[in-house]
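Notes to accompany the following structure.
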Amino acid sequence: MQKTDVTIRAIAPGEELPMELLLLADPSPEMIASYIYQARVYVAEKDERLIGVYALTLTEPGRPEIRNLAVAEDFQGQGLGKLLLRHAIERARENGAERLLIGTGNSSVGQLYLYQKMGFEITAIRKNYFVQHYPAPLTENGIPCRHMLMLEMELGTGAAFRTAGGPDISPIT
Ligand SMILES: CC(C)(COP(=O)(O)OP(=O)(O)OC[C@H]1O[C@@H](n2cnc3c(N)ncnc32)[C@H](O)[C@@H]1OP(=O)(O)O)[C@@H](O)C(=O)NCCC(=O)NCCS
């Protein structure tokens, strides 16, 4: 995938939400509905197909949270997740945020790797979050997914750009 072929843009008012993508990151349509309408939703588009998504919510002033990050299965592992994270970091910085939050399940080993590699640090555990908020037990990588690990990035340090290898990724608006 040529990163220059991908456009990342905010979803237009009234545009249909990319539910198929959103459900990759969050299996509960009810949970998605609980935050997505308060969020700014960004999509990655290539050849008129939506291949990635993330949502930025603002529940605490100055501390936006990425609530749903997903890449279409046939585009995973090609750097688009990193590109979307960098885009989210840039948007948060532009909006004057001090910190950027992202949460993931205790069983999401790859996601924990990716987020920490990008410069996020684990700061909190929401114990039994998935047990309490999801109707059926979740398992991933053979591990019961029970707790939400919260990660934060302090903005203004530039860490994300250094660790993500910024120069090989072209800026996308
Ligand atoms: C998580 C996700 C967004 C990552 O997007 P991606 O485009 O596949 O990620 P990238 O290609 O940018 O990968 C970045 C790095 O993370 C690693 N990585 C990403 N997801 C991984 C996974 N599930 N398992 C292992 N490693 C993973 C890649 O190997 C890569 O490592 P490298 O930089 O050392 O080469 C994507 O896999 C996805 O949509 N998954 C399903 C939805 C989901 O789980 N969303 C997150 C909810 S918290």
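First listed ligand is number 1; within each ligand, the first listed atom is number 1.
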#### Entry: Verdict with reasoning, Arg63 to Glu152, per salt bridge (charged side-chain N to carboxylate O under 4.0 Å, His left out)
CA-CA 9 Å; Arg63 291 154 67 91; Glu152 293 189 23; 3.2 Å; yes

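- For ligand 1, the polar-atom distance check finds no N/O of Leu24 at less than 3.5 Å from any of the ligand's N/O atoms.
- Only the side chain of Lys117 comes within 4.0 Å of ligand 1, counting heavy atoms alone; its backbone N, CA, C and O stay farther away.
- Looking only at heavy atoms of the protein, atom 24 (N) of ligand 1 is closest to Gly110 CA, 3.3 Å.
- The part of Gln111 lying near ligand 1 is the side chain, judged by heavy-atom distances below 4.0 Å.
- Among all protein heavy atoms, the one lying closest to atom 39 (O) of ligand 1 is Val71 N, 2.8 Å.
- In plain terms, the two heavy atoms of Leu84 and Gly52 that are nearest each other are CD1-CA, 4.1 Å.
- Listed for the His147 side chain is no donor-acceptor partner under 3.5 Å among the backbone atoms of Arg126.
- Shown in contact with Gly79 at under 4.0 Å from a heavy atom are these atoms of ligand 1, numbered in order with element: 10 (P), 11 (O), 12 (O).
- Both Leu80 and Phe120 are part of a single hydrophobic cluster, where members link through side-chain heavy atoms under 4.5 Å apart.
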### Task
Under the side chain to side chain contact (heavy atoms under 4.5 Å, CB included) rule, what do Leu85 and Tyr115 come out as? Steps first, then yes or no, please.
CA-CA 9 Å; Leu85 282 169; Tyr115 303 156; 3.9 Å; yes

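- Proximity of Gly77 to ligand 1 is established by a heavy-atom distance of less than 4.0 Å.
- In terms of protein heavy-atom proximity, atom 48 (S) of ligand 1 is nearest to Thr104 OG1, 3.1 Å.
- Numbered from 1 in the order shown, with element, the atoms of ligand 1 that lie under 4.0 Å from a heavy atom of Leu69 read 3 (C), 42 (C), 43 (C), 45 (N), 46 (C).
- The shortest separation from a heavy atom of Glu73 to ligand 1 is not under 4.0 Å, leaving the residue out of contact.
- When hydrogens are left out, the protein atom nearest atom 12 (O) of ligand 1 is Lys82 N, 2.9 Å; that is the closest non-hydrogen contact.
- Annotation: atom 7 (O) of ligand 1 to nearest protein heavy atom, Gly81 N, 2.8 Å.
- A salt bridge links Arg91 to Glu94: at least one charged side-chain nitrogen sits closer than 4.0 Å to a carboxylate oxygen.
- The shortest non-hydrogen separation linking Arg40 to Ala10 is NH2-CB, 3.5 Å.
- Judged by distance alone, the side chain of Asn68 and the main-chain N or O of Ala25 form no donor-acceptor pair under 3.5 Å.
- With a 4.5 Å cut-off on side-chain heavy atoms, Pro29 and Leu23 count as touching.
- For Asn106 and Tyr129, the side-chain atoms include no donor-acceptor pair closer than 3.5 Å.
- Using 4.0 Å as the threshold, Gly103 has a heavy atom nearer than that to some atom of ligand 1.
- Counting protein heavy atoms only, atom 14 (C) of ligand 1 is closest to Leu114 CD1, 3.4 Å.
- Of all protein heavy atoms, the one closest to atom 38 (C) of ligand 1 is Gln76 NE2, 3.4 Å.
- Of all the heavy atoms in Gly81 and Val71, the pair that sits closest is N-CG2, 3.8 Å.
- At a heavy-atom distance under 4.0 Å, only side-chain atoms of Tyr115, from C-beta outward, approach ligand 1.
- Of all protein heavy atoms, the one lying nearest to atom 34 (O) of ligand 1 is Tyr113 OH, 2.4 Å.
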